[in-house]
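One structure is given below, encoded as structure tokens.
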Amino acid sequence: MGKSRYKLNEIYEKLLDAYSYQGWWPIINYKGEIPNKKGSIKGYHPNDYDFPRDNNEQFEIIIGTILTQNTSWLSVEKSLNNLNKIIDFTEGNLSLKFKELLETEEDLVKNAIKPAGYYNQKFVYLKNITDFYISLDGRKPGRSEVLSVKGVGNETADSILLYAYGMHEFVVDTYTRRIFVNLNYIDKKDSYIKIKKFFQHNFNGGVNEYQEFHGLIVEHAKHYYSKKPYGVDDKLLEEYKLN
DNA sequence: AACCAGGACGTGA
DNA sequence: TCACGTCATGGT
């Protein structure tokens, strides 16, 4: 494990030194703040992995995973705050209240989530995942089970499992691909599952480290992998680049 | 004014 | 399987 030529744990430590704890997944009613964090100014809980603290926070994370598909977190935060004005996220059973709202106030919900984009699609996806969540009745879902929900693909599934359920599933996103393609650790044509397994086999860490690593990868990528050509100015991880 | 943002799905080869 | 078009608002 330590003799792998892929030094993922060293990279993890390097990113942690550079950016410190990211406090993913953000909770909109949490009062913690990280100054100068792009995409949001609050909701993160750095170096505190005891989340979600209740079922409503768990469901809020799940809503967020749908809304953030191909969209910036700032837009999602606006949508979540809009929804929070319609339904109190902190009282009662959020999933049941949300289901009721989805069924009776379609236009109201669509308008609320508009900032996150794709609001017609995401409205349907939210209905699907809400019904699924309620059907679980508190039970932890399996990966294939979550994947079967229309609107939940590989990344969203792993985000739900890792951040909402605290399960040991590595999340791969476009930023992960860009960084580690640039380091020649993976090929840009590799499938999601292949990359996920690559990280799970070569990165030694538990649930907390999986959560943190993904947040760090996103943070680092926002600095050096948002505009083409990706990563040419990435001095921080330069020493880990292969051939 | 293009381009991108914490993707997923349907379609046709 | 896989490449491609579609979904859509908002920031840079």
Euclidean distance, atom [atom1] of residue [X] to atom [atom2] of [N] [Å, nearest integer]:
X: A/Tyr125; N: C/dT6; atom1: OH; atom2: P; result: 15 Å
X: A/Trp24; N: B/dG6; atom1: CH2; atom2: P; result: 8 Å
X: A/Leu126; N: C/dC7; atom1: CG; atom2: P; result: 19 Å
X: A/His223; N: B/dC4; atom1: NE2; atom2: P; result: 19 Å
X: A/Tyr119; N: B/dA8; atom1: OH; atom2: C1'; result: 18 Å
X: A/Asn70; N: B/dG6; atom1: CG; atom2: P; result: 9 Å
X: A/Leu162; N: B/dG6; atom1: CG; atom2: C1'; result: 13 Å
X: A/Tyr225; N: B/dG6; atom1: OH; atom2: P; result: 16 Å

Does a nitrogen or oxygen in the side chain of [X] sit under 4.0 Å from OP1 or OP2 of [N]?
X: A/Asn154; N: B/dG7; value: no
X: A/Thr68; N: B/dA5; value: no
X: A/Lys150; N: B/dG10; value: yes
X: A/Lys222; N: B/dA5; value: no
X: A/Tyr175; N: B/dG6; value: yes
X: A/Arg177; N: B/dG7; value: no
X: A/Thr174; N: B/dA5; value: no
X: A/Lys122; N: B/dG7; value: no

How far does the C1' atom of B/dA2 sit from the matching atom of C/dA8, given to the nearest Å?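 Between the two C1' atoms, the distance is 16 Å.
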
For nucleotides B/dG6 and C/dG5, find the distance between their P atoms and express it as a whole number of Å.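 Here B/dG6 and C/dG5 have their P atoms 24 Å from each other.
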
Are A/Phe170 and A/Tyr210 an aromatic pair, judged by ring center distance below 6.0 Å?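 They qualify: ring centres under 6.0 Å apart.
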
With no angle test and no hydrogens, is the base of C/dG10 tied to the side chain of A/Tyr118 by a donor-acceptor pair under 3.5 Å?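 By the distance-only test, no, there is no pair.
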
If you draw the axis of the six-membered ring of [Y], does the NZ or CZ of [X] fall within 45° of it and under 6.0 Å from the ring centre?
X: A/Lys140; Y: A/Tyr165; result: no
X: A/Arg178; Y: A/Tyr230; result: yes
X: A/Lys114; Y: A/Tyr119; result: yes

Partners of A/Asn93 by side chain to side chain contact (heavy atoms under 4.5 Å, CB included), sequence neighbours excluded?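 Residues passing side chain to side chain contact (heavy atoms under 4.5 Å, CB included) with A/Asn93: A/Ser95, A/Leu96.
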
Would you indicate which nucleotide in B/dG7, B/dC4, C/dA3 comes nearest to any side-chain atom of A/Lys189?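 Of B/dG7, B/dC4, C/dA3, C/dA3 is nearest to the side chain of A/Lys189.
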
Which nucleotide in C/dA8, B/dG7, C/dT9 has an atom nearest any side-chain atom of A/Thr156: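 Of the options given, the side chain of A/Thr156 lies nearest B/dG7.
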
